[in-house]
Amino acid sequence: MLGAEWAGERTQPEIMEEAGSPRGSRLPWECFSAWLDGVCVVTFDLEIGQAMELVYPHNIHITEKEKTSICYLSFPDSYSGCLGDTQFTFRMRRSAGHKNSLHDAEKYNREAPVNLQRDTAHYFGYVYFRQVRDSSVKRGYFQKSLVLLSSLPYTNLFHTLLQLIAPEYFNKLEPCLEAVCNQIDRWPFPEPGHLLSLPIMGLVLQVKIPSQTDVIETNVATDHPKDRLDPPCHISSIHELDLFRSLQSVLMNLQLLWELVLLGEPLVIMAPSPTISSELVLALTGCISPLKFCSDFRPYFTIHDSEFKEYTTKTQAPPSLLLGVTNPFFIKTLQHWPHILRVGEPRVSGDLPKQVKLKKITKLKTLDTKMGMYTSYKPFLHKDKTLIKQLLKGLQKKLPSSALSLMLRKHLFHLTQSFILPLERYMGSLMPHHSAITPWKNPPQVRPFQQEELMKMLEHTGPQYSSAIKGDWIGLYR
């Protein structure tokens with residue numbers, strides 16, 4: 001698994017080998033651009049605050065407005081007090097007329113699952129922030145962020161990459177970054193359905209990009225030899241986070257949160273750090289898989305963001321948006337939002353959080369607001385007590401977090417499937433029979449969707465008969 005020593009310059013044999021292969025016909029930075037839009041370094045300047053120190057490759061085009069947004073989103077709010085190394089994710093709009101137009105984007109999106117398709121209208125920013133005491137700096141602290149920008153939602157892969165690159169970069173600076181970018185430019189293109197070997201800094205990362213035809217693995221095993229036997233360079237999932245760790249603090253409200261995400265309701269997550277905020281937002285967007293979360297989402301958002309006024313205005317209803325914030329100022333500015341979840345630091349005890357009463361939005365105060373879910377929404381479906389018991393049993397047996405995450409993923413997948421299947425059945429009934437399709441006649445018409453007809457069908461064949469989750473399923477469909 002270990003490769004040769006890494007260096008910025010390519011050796012002559014490598015250049016000759018590339019010239020005689022399909023790789024030799026690629027344009028400079030073409031492969032790099034298939035994975036990343038660029039790498040940024042953001043530092044703290046005493047005169048102007050956060051500032052862009054470096055963008056690589058040097059020829060990438062980022063507008064001044066985008067640079068400003070990246071600078072603010074790459075540093076935790078001062079309230080977070082993040083000392084040491086911190087990793088988190090943000091997502092921001094690209095400037096108008098500055099959308100990603102890779103030649104293979106359409107082909108990739110046809111083959112990739114909906115939740116892994118390229119987002120050509122937004123940047124994902126994967127951040128590694130370091131804040132340590134440093135007496136040689138005027139302010140007394142070294143503060144710097146290394147940021148990977150991409151249109152791909154490969155959260156796990158890019159954060160693993162940052163763990164390798166960032167500590168090395170903070171020691172060796174630009175030459176190290178140049179070497180890493182040159183190595184990424186020699187990677188194969190991201191192709192769904194293929195096992196890829198990605199050499200980086202003397203290691204080879206092995207990743208499999210899922211394709212639309214892949215069967216979703218939801219089998220729960222109590223023993224996980226795979227977790228132990230995988231070499232350290234094998235990345236089991238390019239995008240999935242530790243679902244149990246991300247959702248542990250909100251498990252008692254999981255059913256309600258699943259409904260809010262499914263319905264595209266405006267929801268604010270108030271967290272103590274950008275790590276917790278971004279992981280929770282990303283876990284929630286994925287909880288309705290295999291459906292794609294089609295509303296907007298911001299894993300980490302600051303008061304300096306260009307969309308701040310748009311999201312905090314009280315002259316119109318809040319947008320369909322999942323918003324992750326850390327600044328307590330948002331408690332005041334987002335009081336008019338219908339659903340606000342305030343979470344604290346993760347628990348270290350081997351137990352699940354206790355049931356928290358739903359609180360009305362009117363109970364929201366400033367700064368001293370207690371943890372909990374502030375909403376007047378009443379879930380249509382009942383909580384799955386069996387899931388909670390299984391998770392508790394797993395914790396008592398000291399099962400690894402990956403096993404508990406698999407339980408959660410399986411539960412959410414079956415919940416969403418229970419909702420989708422009757423809809424698919426009804427949509428199928430609207431389609432013409434294949435015997436009506438003939439080259440000698442005009443194409444048959446699809447029958448129109450009629451809500452009441454669907455509701456009538458659901459009364460007899462809805463999920464209330466097949467799913468273990470009970471409650472007002474028809475109310476949820478309405």
Side-chain angles (χ1 to χ4, degrees), residues 28-43 50-76 86-105 108-109 116-130 144-166 169-170 174 176-185 187 189-190 198 200 238-239 274-275 278 281-282 296-302 304-307 324:
W29 301 115
E30 188 180 0
C31 294
F32 177 91
S33 303
W35 293 91
L36 294 171
D37 286 271
V39 182
C40 305
V41 177
V42 180
T43 190
Q50 285 101 306
M52 190 77 76
E53 182 177 281
L54 178 68
V55 177
Y56 206 88
H58 300 304
N59 60 348
I60 68 163
H61 178 61
I62 300 176
T63 65
E64 287 307 312
K65 185 182 175 185
E66 287 171 340
K67 279 184 183 176
T68 303
S69 292
I70 291 165
C71 284
Y72 282 120
L73 288 166
S74 299
F75 270 47
T86 306
Q87 286 185 255
F88 58 93
T89 308
F90 66 79
R91 179 174 176 266
M92 56 173 262
R93 279 182 200 159
R94 290 174 187 260
S95 296
H98 189 215
K99 293 194 176 180
N100 186 308
S101 55
L102 276 170
H103 74 279
D104 72 327
Y108 171 87
N109 281 354
L116 289 182
Q117 289 174 349
R118 280 191 189 279
D119 186 345
T120 54
H122 295 86
Y123 285 117
F124 283 97
Y126 303 98
V127 183
Y128 193 108
F129 169 73
R130 175 169 286 183
K144 202 167 276 197
S145 282
L146 183 63
V147 187
L148 305 181
L149 292 178
S150 180
S151 59
L152 294 166
Y154 295 173
T155 314
N156 200 30
L157 171 65
F158 289 135
H159 277 302
T160 303
L161 202 56
L162 279 169
Q163 285 165 13
L164 294 170
I165 301 168
Y169 168 74
F170 291 135
E174 193 172 347
C176 156
L177 206 54
E178 192 176 341
V180 164
C181 291
N182 276 322
Q183 285 196 309
I184 294 171
D185 194 38
W187 286 4
F189 286 114
L198 312 176
I200 196 83
I238 55 167
H239 65 292
T275 307
S278 61
V281 167
L282 292 170
D296 203 354
F297 62 99
R298 297 284 188 272
Y300 172 56
F301 188 78
T302 75
H304 304 286
D305 205 286
S306 55
E307 285 127 41

Apply the test side chain to side chain contact (heavy atoms under 4.5 Å, CB included) to residues Phe124 and Thr155: give CA-CA distance (whole Å), side-chain angles for both, the deciding distance (0.1 Å), then the verdict. CA-CA 9 Å; Phe124 283 97; Thr155 314; over 6 Å; no

Donor-acceptor pair, distance only, cut-off 3.5 Å: does the side chain of Arg298 make one with the backbone of Phe90? no

Looking only at heavy atoms, what is the nearest atom pair of Met52 and Val55, with distance? CG-CG2, 3.7 Å

For Ser95, is there any backbone N or O sitting under 3.5 Å from a side-chain donor or acceptor partner on Glu66? yes

Can you tell if the side chain of Leu36 reaches within under 4.5 Å of the side chain of Phe158, non-hydrogen atoms only? yes

With sequence neighbours excluded, residues passing side-chain contact (heavy atoms from CB on, under 4.5 Å) with Leu54: Val41, His58, Tyr169, Glu174, Leu177

Hey, could you give me the OH/CD1 distance between Tyr128 and Ile165, rounded to the nearest 0.5 Å? 11.0 Å

Short question: side chain of Ser145, backbone of Ser74 - any donor-acceptor pair under 3.5 Å? yes

Have Thr89 and His159 got a donor and an acceptor in their side chains that come within less than 3.5 Å? yes

Does Asp305 have any salt bridge (Lys or Arg N to Asp or Glu O under 4.0 Å) partners at least two apart in sequence or in another chain, and if so, which? none

Check for a donor-acceptor pair, side chain of Ser278 on one end and backbone N or O of Phe88 on the other, with a separation under 3.5 Å. no

Kindly give the heavy-atom pair with the smallest separation between Cys31 and Phe189, and that separation in Å. CA-CE2, 4.0 Å

Decide yes or no for Val180 and Asn182: does some side-chain heavy atom of the first lie under 4.5 Å from some side-chain heavy atom of the second? no

Taking Thr275's backbone N and O only, do any of them form a donor-acceptor pair with Gln87's side chain (distance below 3.5 Å, no angle check)? no

Donor-acceptor check, side chain of Asp185 to backbone of Phe32, threshold 3.5 angstrom: yes or no? yes

Mind checking whether Ile238 and Leu116 have side chains closer than 4.5 Å, heavy atoms only? yes

Who pairs with His239 by ring pair (Phe, Tyr, Trp, His ring centres under 6.0 Å), at least two apart in sequence or on another chain? none

Interatomic distance, CD@Glu178 vs CD@Gln183, rounded to 0.5 Å, equals 12.0 Å

Under 3.5 Å donor-acceptor, Asp119 side chain and Ser151 backbone: no

Tell me if a side-chain donor or acceptor on Glu53 pairs with a main-chain N or O of Thr43 at a distance below 3.5 Å. no

Heavy-atom pair of closest approach, residues Leu162 and Leu146: CD2-O, 3.9 Å

Note, Phe129 side chain near Val147 side chain (heavy atom, < 4.5 Å): no

Give a yes or no on whether the backbone of Phe297 and the side-chain of Arg91 come within a donor-acceptor separation of less than 3.5 Å. yes

Using only atom types and a distance under 3.5 Å, with no angle test, would you say the side chain of Arg130 pairs donor to acceptor with the backbone of Lys144? no

Working to the nearest 0.5 angstrom, can you tell me the gap between Ser69 OG and Arg93 CZ? 10.5 Å

So which atom in Pro299 and which in Leu282 form the shortest heavy-atom distance, rounded to 0.1 Å? CG-CD2, 4.0 Å

What is the minimum heavy-atom distance between Val39 and Cys181, and which atoms define it? CG2-SG, 3.9 Å

Evaluate the side-chain proximity of Leu198 to Trp35: yes if any heavy-atom separation is below 4.5 Å, no if none is. yes

Heavy atoms, side chains only, cut-off 4.5 Å: are Asp37 and Arg94 in contact? yes

Exercise: identify the closest heavy-atom pair between Leu149 and Gly125: CD2-CA, 4.2 Å

Between Ser150 and Tyr123, does a side chain to side chain contact (heavy atoms under 4.5 Å, CB included) hold up when you go through it step by step? CA-CA 6 Å; Ser150 180; Tyr123 285 117; over 6 Å; no

